[in-house]
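Just below is one structure, and these are the notes that go with it.
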Amino acid sequence: MKRWYKYIRPYLAYFIIGPVCMIVEVLGEIVMPKLLACIIDYGAQGGAKPPFIEWFYQLFGADAPFILAIMAGMILTAVLMMLGGIGGAYFGAKAAVNFAADLREDVYGKVQQFSFSNIDKFSTGSLVTRLTNDVTQLQNFINMMLRMALRAPGMLIGALIMAVVLNPSLTLVLCVALPLLLLTISFFIMKGFPRFSKMQEKIDHLNSTVQENITNVRVVKSFVREDREREKFRAANGKLKSAGMNAMMIIILMSPAMTFFMNATTIAVLWFGGNMVVDGGMSTGDLTAFVTYITQILMSLMMLTMVFMMFSRAMASARRIAEVLDEPIDIADDHVEDRSLTIRQGKVEFRNVSFRYYKNSEREVLDHINLTIEPGSITGILGSTGSGKTSLVSMIPRLYDCDEGEVLVDGVNVKDYTLFHLREGVGMVLQKNVLFSGTIEENLRWGNPDASEEEIQHMAALAQADKFVNTFTDGYQTDLEQGGTNVSGGQKQRLCIARALLKKPKILILDDSTSAVDTATETMIRKSLREDLSDSTKIIIAQRISSVIEADQIVVMDEGCITGIGTHEELLASNQTYQEIYYSQMDKKEA
């Protein structure tokens, strides 16, 4: 409860006022049947009036119609009930919405703190479901709880007291009905909880399927795999439908079961109470009021049952949200002592670095890497797919942490920088180029929100992006679709390079980020990097030797190990792996 109280405390007034308003409505519902009984017994039938009725009669005057006086009381009660109901609904909704908004913000903030390895534990679809559907389930439960938590017990207790006051012997009917009803409620709750948990898992799977399909829709269409994707969606949707029906069956069966108990109890009360009325042991008005109170008792139990059912579903969602909030952040900077430390030169050192993505795996992705990259230099990294190139450079901005050894920048372990200052000093263009919905200028400003238009255009020119941007009608104000799907792969790469350059990083990492541009454009980009970013350390991962042939040093990797370090001429003379790559590419060119 301590976890959730954090989101209740700022809105505690709403959490208190809402239920209090509902109590006003409950008091009205308790009073109403008795007022109706007074009309039947002392107004319509003209029976002898007890002292409090005589006082009420005299209050309105000796000639005032008694029924109209009671009706006025009923109207006043109804108005108070309406105000109480509106107030309870308003403050309940306000409390629930604010609770959900703050919780959703915290969950989103926690996801933003996740390292890559943290994110790997949750699918994207699952995180989306937890941020939306699961939080909504908690919001709905809190809204219902605030409206029902005091209303249902209040009605139950109040109606029970009034029923006992009216006729203690007739309330014995409840002694039989209530235990059976409580057993039935317990059965439905025990059956409902695991079914709702399973339904949330199927929502996860469906969201993941939909997101994957929509994100990669161009690949799906290019391979004409729409039928397969429809079948995949149909299967996920079918599993959700099945899980949803299993969960809904609990509610479907619960409603008629509760109605059966309510009707059976009402029939029993009418049978025994009717005989009492015939024998003169009970008035008609009291029997009418007693039936209403019995109905209220059973209705309050039904409301409590619905609260418990929503509670079981909300607890399943709360557990899933707690999994995100409780996920330990494996890459943090809480321990950093000098929080003002920044990257000044850009020298990078790998000292005996080893790394596994799966910690129980026998094979290491990086195996005892030792490498020094001098500030301001250009370092090329070559190697076959899966040789560990991207994993290696991911250690520099701490997208992952090494399992053994250490990574140093300017002679300082990367773990001794704050994540902000470390990543602020590193510009990285990933293999998968990602642009966001918005204008080209807004995307480039990710590198520097305060950049002037001249700086933006200059960096775009260095990345060879200005030429195609200027061909667009709106230039830098051209709107990009989500993911930048309305520009080509090469254009996307150049925009991502320009965005990284705007950071003016001391270390620039290009992870195969010119693979989609022609060799002439790539040559111009390399020239710009060498001449205009001479103070920055450049690390270029490439598949083409031509991309790194002019580098100050080239690192050759194979199966997580460094097999050679040197210039193009040195490696061509001495390194077999480099020779194989070089001659295979030269042969293709000649062919």
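Values below: all heavy atoms of this structure, side chains included; hydrogens, waters and symmetry mates excluded.
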Inter- and intrachain pairs under side-chain hydrogen bond (donor to acceptor under 3.5 Å, both in side chains), touching residues 525-539, at least two apart:
none
So, the side chain of Arg104 versus the backbone of Leu131: is there a donor-acceptor pair under 3.5 Å, distance only?
yes
Could you go through residues 92-102 and list every donor-acceptor pair under 3.5 Å that involves a side-chain atom there, pairing it with any protein atom two or more places apart or in another chain?
residue	atom	partner	partner atom	Å
Asn98	ND2	Lys94	O	2.6
Asp102	OD1	Tyr11	OH	3.4
Asp102	OD2	Tyr11	OH	2.8

Might you confirm whether atom NZ of Lys347 has over 12 heavy atoms from other residues, nucleotides or ligands at distances under 6.0 Å?
no
What's the shortest heavy-atom distance between Ile142 and Phe15, and which atoms?
CG2-CE2, 3.8 Å
Kindly give the heavy-atom pair with the smallest separation between Arg499 and Asn443, and that separation in Å.
CD-O, 3.1 Å
Distance col, row Lys232:NZ vs Leu206:CG, nearest 0.5 angstrom, shows 11.5 Å
Approximate separation, where rounding is to 0.5 Å, of Met395 CE and Leu408 CG:
14.0 Å
Contact summary for Leu399 and Ser115, nearest pair of heavy atoms:
O-CB, 4.2 Å
Do the side-chain N and O atoms of Tyr578 and His568 include a donor-acceptor pair separated by under 3.5 angstrom?
yes
Asp333/Arg339 under salt bridge (charged side-chain N to carboxylate O under 4.0 Å, His left out): CA gap, chis, key distance, verdict
CA-CA 9 Å; Asp333 56 11; Arg339 305 191 72 82; 3.6 Å; yes
If every non-hydrogen atom of Ala463 is compared with every non-hydrogen atom of Ile497, which pair is closest and at what distance?
CB-CG2, 3.8 Å
Just by modelled atom types, is the Ser387 backbone N or O under 3.5 Å from a matching donor or acceptor in the Ser384 side chain?
no
Heavy atoms of Val517 and Arg544 approach each other most closely as O-NH2, 3.6 Å
Aromatic ring pairing Tyr400/Phe355, orientation class (parallel under 30°, perpendicular over 60°, tilted between)
tilted
SG-CG distance between Cys402 and Asn413, expressed to the nearest 0.5 angstrom:
7.5 Å
Hey, could you give me the CG/CG distance between Leu444 and Leu435, rounded to the nearest 0.5 Å?
8.5 Å
Donor-acceptor check, side chain of Asp518 to backbone of Ala520, threshold 3.5 angstrom: yes or no?
yes
Residues Thr136 and Thr132: closest non-hydrogen pair is OG1-O, 2.8 Å
